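Remember, it's 1-based here, ligands and their atoms both numbered in the order they're listed. This structure is a prediction, so every number in the text was calculated from the model and none was measured.
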Amino acid sequence: MSDSESERLLSPSKWSKRFDSIQLELHYYNFVKQVTEDVRKTIKHKLDVPYGTTERTKYDVYGTDLPKDSPIFVFIHGGYWQESSKDLATVPVPVFVRNGIKVITVGYDLCPNVKIGDIITEIKMAVENILQFALNLGCRNVWVAGHSAGAHLAVSLLYDKQWLDEMKKQEYLHLLKGVVLISGVYNLTPLVDTSYNTALKLTKDEIETYSFNAPDVKIGVHIDRLKTIVVVGECDSPWFIGQSRECAQKLLTVVDNIQYILLRENVDHFDIVEKLMDEEFILTKTILNSVFN
Ligand SMILES: N[C@@H](CC(=O)c1ccccc1NC=O)C(=O)O
């Protein structure tokens, strides 16, 4: 595969039917920025709860006026571990809060300032902190979702036996009821042939350790009753679609309840998130239904 082919397959903005690549990224970032502006004017929230020691290891909680034991939906943003932020990850907030679910958007450090392994450690800290927060509130229904690179970070939790054992020991694990993996990247190998690797500087070891759909990836522990949703849009690149399918197959080794959805109607890598503003969007309905059933 030539460099330009890898670059194209790994650049979701080049596969949308809505705009060209540059316009689409501009549109997406304007859209999510506007949502955050509106959400922070209209929905009760608490910003910048620290879970680590750095500027970016903070999370925001939306729907702070909902009952203490309301379900919590944690959202981890994407951007190839090197762009975007929690401040651009509020799209699920309006519909989810309206339906009685608090939303937490997680910030994390970005490459090249840190390595992918450091980000995974941060996400584990964040989720542990959030599970403790949930337990204190009497909430027993926590969901963790991620988009794109954020889905990679979310799934990394499910293959980490040591972390899962620790969460079990602390009596947190049973609070985690579901995981939603939206248009994820799960195999890091082809990234080395793309411009994304300038910031990531992936080593062979990192690729092996953090590629979660490789057939020989260490099998995690079985997580009883955890629901998982793996979803991708038909206008994502064929590489991304293949990634999700492989991820779903691989996940069957650690969870019982898995739903794989290929969204039709020209859904692409970006409006798969934008449409979470729409209560009638099939993914919104699927998540809401799964959280409450
Ligand atoms: N330059 C990339 C941008 C990208 O992949 C992206 C942007 C925002 C949120 C998620 C993304 N993808 C993976 O994490 C593209 O061409 O689509």
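- In this structure, the ring of Phe212 has its center less than 6.0 angstrom from the ring center of His152.
- A side-chain donor from one of Asn99 and Glu279 sits under 3.5 Å from a side-chain acceptor of the other.
- The aromatic rings of His147 and Phe270 lie perpendicular to each other, with more than 60° between the two planes, well past the 30° mark.
- The closest approach between Glu83 and ligand 1 falls below 4.0 Å for a heavy atom of the residue.
- Within ligand 1, the atoms closer than 4.0 Å to a non-hydrogen atom of Gly78 are 9 (C), 10 (C), 14 (O), numbered from 1 in the order shown.
- Between His147 and ligand 1, not a single N/O pair is under 3.5 Å apart.
- At least one heavy atom of Tyr29 sits closer than 4.0 Å to an atom of ligand 1.
- Of all the atoms in ligand 1, the ones that sit under 4.0 Å from a non-hydrogen atom of Tyr80 are 5 (O), 13 (C), 14 (O).
- Counting only heavy atoms of the protein, atom 13 (C) of ligand 1 lies nearest to Ser148 OG, 2.2 Å.
- The aromatic ring centres of Tyr80 and Tyr196 sit less than 6.0 Å apart.
- Considering backbone and side-chain atoms together, Tyr28 places no N or O closer than 3.5 Å to any N or O of ligand 1.
- Judged by the 6.0 Å and 45° rule, Arg8 forms no cation-pi pair with Trp239.
- Under 4.0 Å from ligand 1, not a single heavy atom of Trp81 appears.
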Review point. Could you walk me through whether Ile229 and Thr286 pass the side chain to side chain contact (heavy atoms under 4.5 Å, CB included) check?
Key: CA-CA 9 Å; Ile229 300 169; Thr286 303; 4.0 Å; yes
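- Contact annotation: Ser84 has no heavy atom less than 4.0 Å from any atom of ligand 1.
- Within the 4.0 Å heavy-atom cutoff, Ser21 does not count among the residues contacting ligand 1.
- Between Tyr59 and Tyr51, the ring-plane angle classifies as parallel under the 30° and 60° cut-offs.
- Considering backbone and side-chain N/O of Ala149, one or more are found under 3.5 Å from N/O of ligand 1.
- Of all protein heavy atoms, the one lying nearest to atom 17 (O) of ligand 1 is Ser13 N, 2.9 Å.
- Ring pair His27/Phe31 is tilted by interplanar angle, where 30° to 60° counts as tilted.
- Contacts between Glu25 and ligand 1, counted as non-hydrogen atom pairs separated by less than 4.0 Å, involve the side chain only.
- Ligand 1 has His269 within reach: a non-hydrogen atom of the residue lies less than 4.0 Å from it.
- Gly79 N, 3.2 Å is the protein heavy atom nearest to atom 10 (C) of ligand 1.
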Exercise for review: Check step by step if side chain to side chain contact (heavy atoms under 4.5 Å, CB included) holds for Leu158 and Leu226.
Suggested key: CA-CA 10 Å; Leu158 303 185; Leu226 184 80; 3.8 Å; yes
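- Side-chain contact, Thr54 with Thr57: a donor N or O sits under 3.5 Å from an acceptor N or O.
- From the protein, the heavy atom lying nearest to atom 2 (C) of ligand 1 is Tyr196 OH, 3.2 Å.
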